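What follows is one structure encoded as structure tokens, with my remarks underneath.
Letters A, B, ... are given to chains in the order of the sequence lines, protein chains preceding strands, and every chain is numbered from 1. The figures here come from the full heavy-atom set of this structure, side chains too, leaving out hydrogens, waters and symmetry mates. Model, not experiment: these values are computed from the prediction.
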Number of protein chains: 2
Amino acid sequence: MGFSLATTEDTGQMATRQHLLEAAGQVFAEVGFRAATVREICERAGANIAAVNYHFGDKEQLYRAVLQETYQAAIKKYPADYGLRANATAEERLRAFVHSLLLRIFSEGPSARHGKLMAREMMEPTGALDAIVREDIRPMSALLVSIVSELLGAEADDATKRLCANSVVSQALFYHHCRPVVVRIHPDLKFDRAGIERLTEHITRFSLAAITNLATKPRTGRAAKK
Amino acid sequence: MGFSLATTEDTGQMATRQHLLEAAGQVFAEVGFRAATVREICERAGANIAAVNYHFGDKEQLYRAVLQETYQAAIKKYPADYGLRANATAEERLRAFVHSLLLRIFSEGPSARHGKLMAREMMEPTGALDAIVREDIRPMSALLVSIVSELLGAEADDATKRLCANSVVSQALFYHHCRPVVVRIHPDLKFDRAGIERLTEHITRFSLAAITNLATKPRTGRAAKK
DNA sequence: TGACATTTCAAACGGATGTTTGAAATTGGC
DNA sequence: GCCAATTTCAAACATCCGTTTGAAATGTCA
């Protein structure tokens, strides 16, 4: 193996393959699997048209490789316990969960691309969705349910726990999935660092208020208030 | 063939045009604007391949016509004050809003297609999104904000009202936008009539619990801007 | 019926896409 | 330095797409 140069900058053995992954991540996230063209991907990667088929077999296998690579990047950069101390309370863990989710989705670079690809997968699943749900989403869901059930109390039933967990993640995903509509209706909403802090604050407060309120009066017929 | 019968069943003057609208609604909702082919649409409509261009000009104008037609069908079948008596309380109006939104999204037929088309528009907007936001979404948003602000109380600031309104709609849209993932993680969740009632119940209770709780302690947190 | 306008039809056009091909260039081991 | 394996390259292939075309069929009205 000739690692002739110390730099992994270029001309390395896997250079073209990595460039293809990077370029494909960009293009797939921008326009989706179907609208993405291998010509565009290869052009951005500085590679020949035939490079995709040579290195990955076909366009779909390249897509699956991108999905896996961007997931690794996202979960490495923004784990679900992002910035959390050891013995954190359930409130703190809920806030960290929401915060890391928003950061993962709205950040720039490869880690954010996974969020866009996931959103497209949810809209029209390719064959890659099953593996993603099994290895990625399900553990996340279980973590959130455990946080929610600690907030709700032990006497809450499973259905309620899962519905509340859904209500939490839905608020965060909304700004991502419906972004084109949101920015038209609320032009002052920003998704920079400060904007994400504000969103984290609202979603956490809203959810905590709901869950703790539901915990105190678990099973009244309708939403009774004092 | 000149069956000039009194029935509007077929061979009417606008028959081909209507068949195209119906077939296009199906195909666009199933696979999206880009992946839909005029060949497939014309085949389902029992029309010639050139029918789309003759009756609508091109594929995009057909798409816009479908968007408008399905919106009319949806809003007619499930208005936002669905099943609401005259002088309803804010709680009742919130429940009706959530209920009609879920019904609109998860029903079958043309009225549900609009929800799917809207979801795709949010993912990758076509040129038709601006008109939809202006004529469709913005009034809905204003209605919900008015309901929420009545629940929050007059002293709440506009940003909080809008964030709470977003939190309400996000919970409903989540089950539609992320349905492929939701059904994999919660296989027991159904979206039939009874399932929608349960979802309506949860989202309304969750949101009311949050909003009334926030109303009682308006400004404890951080990230407060005036 | 005869004229004219409207609608339908099969065929083709021009362009874009994923993939294949076979030769050329490069690399790696001896 | 040489040979074999790996990688790149330009070109072409086969297919599908939205749209156009001009003639044929159908409908309209006096």
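Distances were taken from every side-chain heavy atom of B:N53 (C-beta onward) to each of D:dT20, C:dT19, C:dA10; the shortest belongs to D:dT20. The side chain of A:A50 lies closest to D:dA10 when the candidates are D:dA10, C:dA11, C:dC9. Comparing D:dC9, C:dT19, D:dT7 by their closest approach to the side chain of A:I49 singles out C:dT19.
At a non-hydrogen distance threshold of 4.0 Å, nothing from residues 21-36 of chain B comes into contact with DNA chain C. Only B:R39, listed by number, bring a heavy atom of residues 39-46 of chain B to less than 4.0 angstrom from any atom of DNA chain D. DNA chain C is contacted by A:D58, A:K59 of residues 56-68 of chain A, taking any non-hydrogen atom closer than 4.0 Å.
Panel note: side chain B:S141, backbone B:I137; no donor-acceptor pair is recorded below 3.5 Å. Looking at B:K116, its side chain never comes within 3.5 Å of a backbone N or O of B:Q26 through a donor-acceptor pair.
A:E69 and A:H114 form no side-chain donor-acceptor contact under 3.5 Å, judged by distance and modelled atom types alone. Judged by distance alone, the side chains of B:Q171 and A:S167 do bring a donor and an acceptor atom under 3.5 Å apart.
For the pair B:R162 and A:D188, the salt-bridge criterion is met [side-chain N within less than 4.0 Å of a carboxylate O].
Within a 6.0 Å sphere centred on CD of B:E30, heavy atoms belonging to other residues, nucleotides or ligands number more than 12. Atom CD of A:Q68 sits in a sparse spot, with 12 or fewer heavy atoms from other residues, nucleotides or ligands closer than 6.0 Å.
Within the 4.0 Å cut-off from OP1 or OP2 of D:dA10, at least one side-chain nitrogen or oxygen of A:N48 is found.
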